[in-house]
Novice: 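The structure that follows is given in the form of structure tokens.
Below, chains carry the letters A, B, ... as their sequence lines are ordered, and counting in each starts from 1. Just so it is clear, the structure is predicted and the values come from calculations on it, not from any experiment.
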There are 2 protein chains.
Amino acid sequence: MPVMWTVKVVGLGVVALSLSLELLIWLIRRLRPGRALNEVLFFPSEIACVEHIFTPPSPYSCVCSLPHGVETSFSRLLRHLLSATSSLDLCVFAFSNMDLCRAVLVLHSRGVTVRVLTDKDYAAITGSQIGVLRKAGICVRCDVGSVYMHHKFAVVDDQLLITGSLNWTLTAVQSNMENVLITKEPELVRPFIKEFHRLWLHNDPARYLSSVDQKLAHVFTRASD
Amino acid sequence: MPVMWTVKVVGLGVVALSLSLELLIWLIRRLRPGRALNEVLFFPSEIACVEHIFTPPSPYSCVCSLPHGVETSFSRLLRHLLSATSSLDLCVFAFSNMDLCRAVLVLHSRGVTVRVLTDKDYAAITGSQIGVLRKAGICVRCDVGSVYMHHKFAVVDDQLLITGSLNWTLTAVQSNMENVLITKEPELVRPFIKEFHRLWLHNDPARYLSSVDQKLAHVFTRASD
């Protein structure tokens with residue numbers, strides 16, 4: 001009988017051990033889903049060719065005069081953006097950087113759902129890429145309710161947050177002191193997803209125009225009283 | 001004998017359970033050191049009186065016409081700033097908000113080591129509080145090497161990061177769409193501490209003036225050749 005009991009105890013031990021291991025793995029995954037991605041980029045970025053990021057099979061085939069094969073803050077930013085596979089929600093004050101515009105267009109052509117929210121005044125300035133995005137069929141909404149829609153954040157695939165002081169302009173990337181924080185920390189990503197959703201609905205032209213219609217109807221009703 | 005074995009198995013189970021619990025608590029503490037603080041604030045902030053944040057014993061003694069006892073994005077930001085007990089490193093493009101200036105002055109008067117790095121052009125505009133900070137004896141340095149020193153971040157006690165799109169102005173707080181991210185995540189805080197240190201040394205007037213002296217000496221040497 002003691003032999004049988006020993007077998008049972010050893011069996012119980014093996015089961016306990018495997019359960020503990022499973023619990024451990026589950027805990028690590030549960031508690032640290034975004035541990036692999038907490039990154040900070042500082043600008044101005046070193047100026048280098050980014051052609052190989054858009055056309056990966058030919059890293060040195062570009063013949064421009066810029067340095068090639070150099071990893072910079074800007075190339076890191078582009079890589080994070082281009083990692084999108086399902087959605088990109090972009091909420092940015094000034095958008096005139098042509099490489100960033102190209103990245104957004106590439107994502108759109110790949111079938112990624114792109115939504116862009118921007119400032120009403122800066123959308124119309126010379127060099128703004130907002131018109132280019134609109135022409136390509138990307139859904140763009142302009143903020144109408146505040147002095148400035150001053151955000152500079154993007155949410156990739158509802159799980160990766162890119163935020164900071166950097167406007168999407170050439171000056172910001174190449175000349176200013178700027179920061180961009182990249183994280184998958186759910187406690188930080190979730191509020192930005194929620195805020196984007198709120199602002200997106202708030203600046204729905206249909207809603208806005210309907211509100212204008214109601215005001216006009218009210219004016220006409222009062223005028224006819 | 002089977003009774004003794006049962007006692008042993010139950011004992012083993014209790015030990016395994018207590019060990020698992022200890023492991024669980026250790027894991028939670030080890031994997032989530034900054035879990036207690038990951039916060040995102042959105043602006044424009046509701047406008048409310050913040051007097052009780054500066055003078056805590058009298059929450060409703062202020063007689064101004066603003067709403068009292070309301071927790072807003074701005075009051076949260078002030079509380080995080082005022083939590084500093086040893087140091088505040090501030091790196092901000094535009095600083096004209098008088099409540100934020102008051103908070104920095106309060107910290108300075110409490111003996112907190114305050115260092116302010118700001119943009120050379122915006123430091124001199126009407127309404128800038130940089131002169132007030134300097135007059136109070138706070139060490140301020142202006143960035144001289146970039147088009148804009150466009151950062152808007154603060155590091156409290158070398159462990160709490162406050163960063164985002166928000167300049168320290170009244171318009172940004174009360175009228176713009178803005179975000180401020182607050183975290184103790186070491187992987188995010190550390191790079192900002194390092195960058196502040198780099199910029200602080202880089203913009204040391206002594207170093208800058210010495211470099212100007214060297215250039216002048218070089219000019220004079222060449223002129224006398």
Novice: Just how far is it from atom NZ of B/K8 to atom OG1 of A/T6, taken to the nearest 0.5 Å?
Specialist: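 Here the interatomic distance stands at 9.0 Å.
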
Novice: For A/I182, which atoms come within 4.5 Å of any heavy atom of chain B: side chain, backbone, both, or neither?
Specialist: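 Contact with chain B is through the backbone of A/I182 alone.
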
Novice: To the nearest 0.5 Å, how far apart are CG in A/L166 and OG in B/S165?
Specialist: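 Going from the CG atom of A/L166 to the OG atom of B/S165 covers 12.0 Å.
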
Novice: So, do A/L181 and B/F192 sit near enough that their side-chain heavy atoms are less than 4.5 Å apart?
Specialist: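 A side-chain contact under 4.5 Å exists here.
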
Novice: If you measure from CD on A/E185 to CG on B/N38, what distance do you get to the nearest 0.5 Å?
Specialist: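 Rounded to the nearest 0.5 Å, the CD-CG separation comes out at 4.5 Å.
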
Novice: Any chance you could measure B/T163, atom OG1, to A/N179, atom CG, to the nearest 0.5 Å?
Specialist: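 Here the interatomic distance stands at 4.0 Å.
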
Novice: Less than 4.5 Å apart, side chain to side chain, heavy atoms only: is that true for A/M177 and B/D143?
Specialist: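 Yes, at least one pair of side-chain atoms sits under 4.5 Å.
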
Novice: Tabulate, in ascending numerical order, the residues of residues 75-83 of chain A having at least one heavy atom closer than 4.5 Å to a heavy atom of chain B, or enter 'none'.
Specialist: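 So no residue qualifies.
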
Novice: Strictly less than 4.5 Å between heavy atoms, which residues of residues 150-161 of chain A line up against chain B? Please order them by number.
Specialist: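 Hits under 4.5 Å: A/H150, A/H151, A/K152, A/F153, A/L161.
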
Novice: Does any backbone or side-chain atom of A/S175 lie under 4.5 Å from a heavy atom of chain B? Answer side chain, backbone, both or neither.
Specialist: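 Both the backbone and the side chain of A/S175 come within 4.5 Å of chain B.
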
Novice: Taking atom OH of B/Y122 as the centre, report whether more than 12 heavy atoms of other residues, nucleotides or ligands fall under 6.0 Å from it.
Specialist: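 Result for OH/B/Y122: open.
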
Novice: Rounded to the nearest 0.5 Å, how far apart are CD of A/E195 and CZ of B/F43?
Specialist: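 Output value for this atom pair is 11.0 Å.
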
Novice: Sort out for me which of A/L188, A/L23, A/V40, A/L12 touches chain B most, counting heavy-atom pairs under 4.5 Å.
Specialist: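 That would be A/L188.
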
Novice: Taking side chain as C-beta onward, heavy atoms only, is A/T183 less than 4.5 Å from B/T183?
Specialist: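 Side chain of A/T183 against side chain of B/T183, heavy atoms only: no contact under 4.5 Å found.
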
Novice: Please look at A/Q174 and chain B and tell me whether the side chain, the backbone, both or neither of the residue comes under 4.5 angstrom of a heavy atom of that chain.
Specialist: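 Neither part; nothing is under 4.5 Å.
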
Novice: To the nearest 0.5 angstrom, please state how far the OH atom of B/Y148 sits from the CG atom of A/N167.
Specialist: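 Answer rounded to 0.5 Å: 11.5 Å.
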
